[in-house]
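Below: the structure, in structure tokens.
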Amino acid sequence: MRLKLPSLAFLGLILAAAPVLAQQEKAPAPPTMVIHCGQLLAIPGQEPKADQTVVVKGDRIASVLAGKVSAQDAGVPSATVVDLSDRFVLPGLIDCHVHITSAYDKGVRLRFVEESEADAAIKGAHYARRTLMAGFTTVRDLGSMGDAAFAVRDGIASGLIPGPRLLVAGRAITPTGGHADLTLGYRDNLFALPGAMEGVADGADECRKAVRAQIRRTADVIKVTATGGVLSNTAAGYEQQLFDDELAAIVTTAHLLGRRVAAHAHGTRGIKAALRAGVDSIEHGTFLDDEAVTLFLQSGAFLVPTMMAGETVARHAEIPGYYTAPTAAKARIIGPAIGAALSRAHKGGVKIAFGTDSGVGEHGENAHEFELLVQAGLSPAEAIVAATSTAAELCNLTPEIGTIEPGKSADLIATPKSPLADVSELRRVRFVMRAGAVQKNER
Ligand SMILES: [Zn+2]
């Protein structure tokens with residue numbers, strides 16, 4: 001975008017009114033568009049329809065019409081026509097579990113003490129763009145350091161940088177030495193003992209404070225590490241880490257303040273404790289059993305299986321020196337087990353929401369998760385529901401996203417062929433529109 005240079009006399013006025021200039025830099029409202037769709041899966045779970053027209057006004061879906069309707073006949077004669085008549089069109093995809101400002105690799109432990117918040121924000125902007133271009137128009141960031149993920153979220157929302165709509169958790173809530181205590185395994189005098197702002201809390205009162213501290217810094221969702229995890233440098237295992245009263249304090253505080261709770265959990269006991277405490281989703285769910293399935297059904301919680309994370313850590317565990325010894329040991333056990341958990345949950349009727357844990361794996365490769373979901377027993381149609389209407393339900397954004405219906409945000413994507421026949425087609429997204437703005441349209 002080019003800005004017209006103002007006269008020198010006017011410059012002083014503009015500098016005095018910096019917030020006004022910031023507003024002017026906002027992306028202009030998108031024009032009215034008429035989109036001709038070869039096939040349209042407006043509501044995942046239902047059958048797609050051939051030859052449909054979607055009318056988009058500003059950032060909203062205005063109407064969905066049968067047939068190839070001209071701009072004139074749609075009542076918007078000056079609209080721009082987008083020809084996707086040889087494409088399969090569906091709602092923008094939703095990934096309920098990413099870490100947008102980070103990418104795990106062998107050097108991550110050194111980078112943690114070298115990189116700044118500004119570095120993390122720049123990387124977040126880069127990964128957000130990649131994620132959007134892969135067809136993901138909404139993602140939840142479930143755990144980041146400091147303020148970088150919030151800055152990326154706000155930069156995208158104000159139109160300054162391209163990216164998906166972001167829901168950000170801030171720091172995950174964890175006990176001292178728990179899975180998300182990022183000071184684990186470093187020399188004692190390198191960091192002060194972390195506290196509420198860092199998400200580290202012991203006892204119910206501190207847990208309440210840690211939740212409030214994240215919401216104070218504008219968290220949209222609360223993440224809790226109910227059990228140990230793979231990538232923390234500790235041999236403390238992958239079972240329950242927070243006491244029942246601590247989990248209850250986290251959930252009641254978050255719900256009191258209108259936030260959903262996403263619980264990272266691998267071990268059976270920890271999964272069930274989190275479900276009993278009333279969390280809204282279990283992330284990973286590696287060793288869930290039949291009793292856990294019953295608890296899911298009773299509470300209405302979702303499972304976000306993150307199959308890609310399991311595949312990634314199992315692969316990296318075999319590269320000598322890639323992980324610290326405790327991490328490699330956990331990765332070998334947990335990585336291969338996530339698929340069986342998903343199959344058990346899916347057969348038991350648990351609501352499955354799509355999530356990749358990107359940041360553990362590559363940003364922009366998120367759609368590989370669809371292939372893994374189908375391998376674990378979901379149909380392509382069910383996998384697409386998990387990444388659209390069910391994910392929207394988990395994000396508490398059903399009125400806004402997840403289907404292509406009048407009044408919702410105009411978030412839609414297109415592939416060359418039907419992903420209902422071959423779900424890997426979702427790795428070949430050619431068209432992306434977010435909030436009425438075309439982000440990508442490749443032939
Ligand atoms: Zn994660």
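Just follow the structure's listing: the first ligand is 1, and inside any ligand the first atom is 1.
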Any ion pair linking Arg140 and Asp95 (charged N to carboxylate O, less than 4.0 Å)?
no

Query - Salt bridge present between Glu425 and Arg430 (N-O < 4.0 angstrom) - result: no

For the Zn ion (ligand 1) the protein N, O or S atom count under 2.8 Å stands at 3

Sorted by chain and number, sequence neighbours left out, ring pair (Phe, Tyr, Trp, His ring centres under 6.0 Å) with Tyr104 holds for Tyr323

Check this for me: does any side-chain nitrogen of one of Arg130 and Glu365 sit under 4.0 Å from a carboxylate oxygen of the other?
no

* Asked: Is Arg217 paired with Asp147 through a side-chain N to carboxylate O contact shorter than 4.0 Å?
  -> yes

Is the shortest side-chain N to carboxylate O distance from Asp119 to Arg111 below 4.0 Å?
no

